[in-house]
Amino acid sequence: MPLLAEMEMNGVLLDRALLNEMSSSIGADMLRLETEIYNAVGHDFNINSSQQLATVLFAELGLQSGRKTQSGYSTDATVLEALADAHPVIKFILEYRQLSKLKSTYTDALPMLVNPRTGRIHTSFNQTGTTTGRLSSSEPNLQNIPIRGELGSKIRQAIIAQPGWLLLSADYSQIDLRALAHISQDAELIATFQRDEDVHTHTASEVFGVPDSEVTPKMRRAAKTINFGVIYGMSGYGLQQATDLTREEAELFISTYFSRYPGIKSYIEDTKKQAAKLGYVQTVLGRRRYIPEINSTNRLAREAAERMAINMPVQGTSADIIKIAMVELHRQMIKRDMKTRMTLQVHDELVFEVLPGELEAIKQLVQDIMPNAMKLIVPLKIDIKVGKNWGDMS
DNA sequence: AACTAGGCT
DNA sequence: GTATAAGCCTAGTTG
């Protein structure tokens with residue numbers, strides 16, 4: 001029996017042959033990279049050890065060390081990327097790291113978690129594991145299956161429907177920013193969604209002072225970073241780190257953003273004040289998160305608490321919305337005695353394993369229920385895709 | 001068990 | 001002077 005705090009859903013099927021083949025080919029690539037790395041460095045060492053790697057890079061090769069961790073110099077991807085032109089071994093290490101992650105966490109691990117009785121993977125969806133109201137997923141975590149890059153997308157293709165069936169994915173479009181528009185009541189952000197515009201393009205247009213039609217990909221990318229950054233309480237420094245802007249440009253970018261979206265600025269200020277006064281913040285539905293550190297005399301601790309306070313109502317409201325949709329969808333599927341099953345939730349996305357004869361019915365249900373799960377001041381939109389696996393859908 | 005790193009939304 | 005973007009889970013290394 002699962003704990004009350006877990007949902008045991010139907011499980012998903014794996015293309016084991018695909019994963020097997022990927023494990024082998026990744027393993028072969030890693031061996032090649034290993035040799036390249038040892039040659040470039042002049043000796044063997046454990047590439048998986050960040051400690052040993054730091055010694056090699058910063059003490060032996062004399063590369064410029066950067067950020068420090070608690071125990072020494074960081075060798076994470078942002079540090080290595082900055083060193084990519086300084087020594088040929090860096091690119092090999094970055095590639096090795098990527099392959100190592102995908103192999104150990106996914107292509108090797110997933111097949112071992114197939115239940116011999118059902119032939120499926122049964123993750124646990126933990127309902128009490130987060131501070132914001134999101135679900136989490138474990139053993140295995142099916143909420144962090146790779147999607148980026150050729151290999152990532154290939155791993156996702158290994159999550160398949162049973163023969164003759166289909167997977168349907170329905171994801172909310174920009175749900176966090178729509179929740180933010182609702183909570184903050186910012187006029188400009190509300191108008192963007194009411195006009196059904198591309199939110200990142202529109203932010204770029206506002207901040208750079210050009211028409212939407214003249215927003216370049218680079219401008220849109222910067223706007224996207226700030227749109228997400230705002231939800232997380234990002235600083236000028238943080239924006240600078242995440243983009244190729246200078247510190248001054250980043251500061252200006254943020255202050256311009258707040259002048260164009262004054263409701264967002266007030267939301268952030270009001271939320272910090274409310275949290276300090278009450279000791280908690282809450283979602284639209286009243287789900288609370290207590291944040292005792294909000295009044296800490298330690299500035300770092302207090303500022304971290306402020307960012308949590310800013311983020312929780314947004315992330316938590318999105319979680320409330322998709323949970324309502326899940327409950328209602330489940331009810332309606334039972335009522336219609338459908339064979340189609342809800343199989344995964346990934347924060348703003350639901351995945352169903354669909355009997356083809358029920359495809360139109362489930363599409364209709366999803367389209368009726370998800371956008372109407374909660375009435376916000378802006379519309380909720382979803383995108384629906386269908387395919388034989390989770391990797392290529394249209 | 002703590003730490004580092006990296007996968008996802 | 002210092003650190004600086006929310007929420008998770010898993011794997012490998014180290015002591």
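Note on naming: letters A, B, ... go to the chains in the order of the sequence lines (proteins, then strands), and numbering restarts at 1 for each one.
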It should be established whether A:Ser235 places a side-chain nitrogen or oxygen under 4.0 Å from OP1 or OP2 of nucleotide C:dA5. yes

Check this one for me: any side-chain N or O of A:Ser74 less than 4.0 Å away from OP1 or OP2 of B:dA5? yes

Answer with yes or no whether the side chains of A:His347 and A:Gln315 bring together a donor and an acceptor at under 3.5 Å. no

Considering just the side-chain nitrogens and oxygens of A:Ser136, establish if one lies under 4.0 Å of OP1 or OP2 belonging to C:dC9. yes

Taking 4.0 Å as the cut-off, does a side-chain nitrogen or oxygen of A:Gln315 come that near to OP1 or OP2 on C:dA6? no

On DNA chain C, check which nucleotide each of A:Ser104 and A:Gln51 is closest to and give me the residue with the more 5' one. A:Ser104

For A:Ser100, answer base if it contacts any base atom (sugar-phosphate contacts may also be present), sugar-phosphate if it contacts only those atoms, and nothing otherwise; contact means non-hydrogen atoms under 4.0 Å. nothing

Would you indicate, yes or no, if C:dC8 has its OP1 or OP2 atom less than 4.0 angstrom from a side-chain nitrogen or oxygen of A:Thr131? yes

Nearest listed nucleotide, side chain of A:Val346, among B:dT9, B:dT4, C:dA11: B:dT9

For B:dC3 and C:dT4, measure between their P atoms and round to the nearest Å. 15 Å

Without hydrogens or angle criteria, can the side chains of A:Gln143 and A:Gln345 be said to hold a donor-acceptor pair below 3.5 Å? yes

Atom pair distance, as rounded to whole Å: CG in A:Leu99 and P in C:dA11: 17 Å

Regarding A:Leu239, tell me which of base, sugar-phosphate or nothing describes its non-hydrogen contacts under 4.0 Å with the strands shown. nothing

State whether A:Thr130 places a side-chain N or O below 4.0 Å from either non-bridging phosphate oxygen (OP1 or OP2) of C:dG7. no

Check the distance between B:dG7's C1' and A:Met22's CE and give it to me in whole angstrom. 13 Å

Under 3.5 Å donor-acceptor pair, A:Asn48 side-chain atoms to C:dG12 base atoms: no

Quick one, which residues of residues 290-309 of chain A touch DNA chain C with a heavy atom under 4.0 Å? A:Arg299, A:Leu300, A:Arg307, A:Met308

Determine, for A:Arg220 against A:Asp198, whether the closest basic-nitrogen to carboxylate-oxygen distance falls under 4.0 angstrom. yes

Would you call A:Arg299 and A:Glu303 a salt bridge, taking side-chain N to carboxylate O under 4.0 Å as the test? yes

Without hydrogens or angle criteria, can the side chains of A:Asn126 and A:Ser124 be said to hold a donor-acceptor pair below 3.5 Å? no

Whole angstroms only, please: what is the CD-P distance between A:Gln143 and B:dG6? 22 Å

Just compare C:dT10, B:dT9, C:dA6 and give me whichever is closest to any side-chain atom of A:Ile147. B:dT9

Between C:dA5, B:dA5, B:dT9, which one does the side chain of A:Thr225 approach most closely? C:dA5

For a salt bridge (Lys or Arg N to Asp or Glu O under 4.0 Å) check, start with the C-alpha distance between A:Asp392 and A:Arg156, then their side-chain angles and the critical distance, and finish with the verdict. CA-CA 8 Å; A:Asp392 33 38; A:Arg156 207 163 260 230; over 6 Å; no

Is the ring of A:Tyr232 stacked on the base of C:dA6, with centres less than 5.5 Å apart and planes under 30° off? yes

Is the phosphate of B:dG6 approached by A:Arg97 (side-chain N or O, under 4.0 Å from OP1 or OP2)? yes

Are A:Gln52 and C:dT14 close enough that a side-chain N or O sits under 4.0 Å from OP1 or OP2? yes

Establish, with yes or no, whether the OP1 or OP2 oxygen of C:dA3 is under 4.0 angstrom from a side-chain nitrogen or oxygen of A:Arg67. no

Which of the following nucleotides, C:dG7, C:dA11, B:dG7, is nearest to the side chain of A:Arg134? C:dG7

A:Phe228 CZ - C:dG7 P separation (whole Å): 16 Å

Can you confirm whether or not the ring centre of A:His200 sits under 6.0 Å from the ring centre of A:Phe228? yes

If you compare every side-chain N and O of A:Thr75 against the phosphate oxygens of B:dA5 (OP1, OP2), does one of them come in below 4.0 Å? yes

A:Tyr257 OH to C:dA5 C1', in whole Å, measures 14 Å

Separation of C:dA6 C1' from A:Ile264 CD1 (nearest whole Å): 16 Å

Mind checking if A:Asn144 touches a base, just sugar-phosphate, or nothing, with heavy atoms under 4.0 Å? base

State which residue, out of A:Thr203, A:Thr192, A:Asp186, fulfils the side chain to side chain donor-acceptor pair (under 3.5 Å) condition with A:Tyr261. A:Thr203

Reckon A:Asn46 has a side-chain N or O less than 4.0 Å from the OP1 or OP2 of C:dT13? yes

Could you work out the separation of C:dA3 and B:dT4 based on their P atoms and round it to a whole Å? 13 Å

Please report, rounded to the nearest Å, how far the C1' atom of B:dG7 is from the NE2 atom of A:His347. 11 Å

Below 4.0 Å: OP1/OP2 of B:dT9 and any side-chain N or O of A:Arg148: yes

State the CG-CD1 distance between A:Leu350 and A:Ile322, to the nearest 0.5 angstrom. 4.0 Å

How many whole angstroms separate atom CD1 of A:Ile175 from atom P of B:dC8? 20 Å

Is the shortest distance from a Lys or Arg side-chain nitrogen in A:Glu353 or A:Arg120 to a carboxylate oxygen in the other one below 4.0 Å? yes

Selection from B:dC3, C:dG7, B:dG7 that lies nearest to any side-chain heavy atom of A:Ser71: B:dC3

Using a cut-off of strictly less than 4.0 Å, decide whether A:Ser49 has a side-chain nitrogen or oxygen near OP1 or OP2 of C:dT14. yes

